[in-house]
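Treat the numbers as computed from the prediction; the structure is a model and nothing was measured.
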Amino acid sequence: QVQLVESGGGLVQAGGSLRLSCAASGRIFSINTMGWYRQAPGNQRELVAGISSGRITNYTDSVKGRFTISRDNAKNTVYLQMNSLKPEDTAVYYCNAKIRSRSFLPVYDYWGQGTQVTVSS
């Protein structure tokens, strides 16, 4: 069984910073891409940032220059440093990881439970 546990959400004023963490645990053979998604009320879930096992990153346009995704492969952990936060960044943020539990199994998608980020104006 694989679990993703997130931490680091909260309430912050516009212009402030937060750092999200997501640790994967359980039976893990390898982790491919890890990423952060978000979903605001009434909106679809959207990809915020992704990072490959080789640390190649991609970002949605609205967060470029403000958010930084990183990962620690030794700790099976992905981070999202969010700076210059805006009220429109308010959403539930979800961690995602594409994980192979055993060498002979396919890669599956796993999701964290979500963490609320609220940015006040």
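The environment of CD in Gln3 is sparse: at most 12 heavy-atom neighbours from other residues, nucleotides or ligands sit within 6.0 Å.
In this structure, the side chains of Tyr110 and Asn96 stay at 4.5 Å or more apart for every pair of heavy atoms. Looking only at side-chain heavy atoms (C-beta outward), Cys95 and Val78 come within less than 4.5 Å of each other. Side-chain contact between Tyr108 and Arg100: absent, with no pair of heavy atoms (C-beta onward) separated by less than 4.5 Å.
Leu4 and Ile51 fall within the same hydrophobic cluster, defined by Ile, Leu, Val, Met, Phe, Trp and Tyr side-chain heavy atoms under 4.5 Å apart, directly or through other members. Cluster annotation: Tyr79 is not connected to Tyr93 through the hydrophobic network of ILVMFWY side chains, with a link wherever side-chain heavy atoms come within less than 4.5 Å.
In this structure Arg71 satisfies the salt bridge (charged side-chain N to carboxylate O under 4.0 Å, His left out) test with no other residue, sequence neighbours excluded. Judged as a ring pair (Phe, Tyr, Trp, His ring centres under 6.0 Å), and not counting sequence neighbours, Phe67 has no contacts.
Within the 3.5 Å criterion, the main-chain N or O of Lys75 finds a donor-acceptor partner in the side chain of Thr77. Under a 3.5 Å cut-off, the side chain of Gln39 and the backbone N or O of Ala91 do not form any donor-acceptor pair.
Legend: salt bridge (charged side-chain N to carboxylate O under 4.0 Å, His left out) pairs involving residues 36-50, not counting sequence neighbours, sorted by first then second residue: Arg38-Glu46, Arg38-Asp89.
Think of Trp111 as one node in a network of Ile, Leu, Val, Met, Phe, Trp and Tyr side chains linked at under 4.5 Å; its network also takes in Tyr37, Leu47, Val92, Tyr94. Side-chain contacts under 4.5 Å among hydrophobic residues (ILVMFWY), followed directly or transitively, place Val107 with no other residue at all.
Here the closest non-hydrogen pair linking Arg55 and Asp72 is NH2-CA, 4.4 Å.
For the residue pair Thr118 and Gln116, a side-chain donor N or O sits within less than 3.5 Å of a side-chain acceptor on the partner.
Ile99 CD1 to Leu105 CG: the interatomic distance, rounded to the nearest 0.5 Å, is 12.5 Å. The line from CD of Glu88 to OG of Ser62 is 8.0 Å long, rounded to the nearest 0.5 Å.
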Give the table of side-chain donor-acceptor pairs shorter than 3.5 Å for residues 12-36, with sequence neighbours excluded, one pair per line with atom names and distance.
unit_1, atom_1, unit_2, atom_2, d
Ser17, OG, Asn83, OD1, 2.9

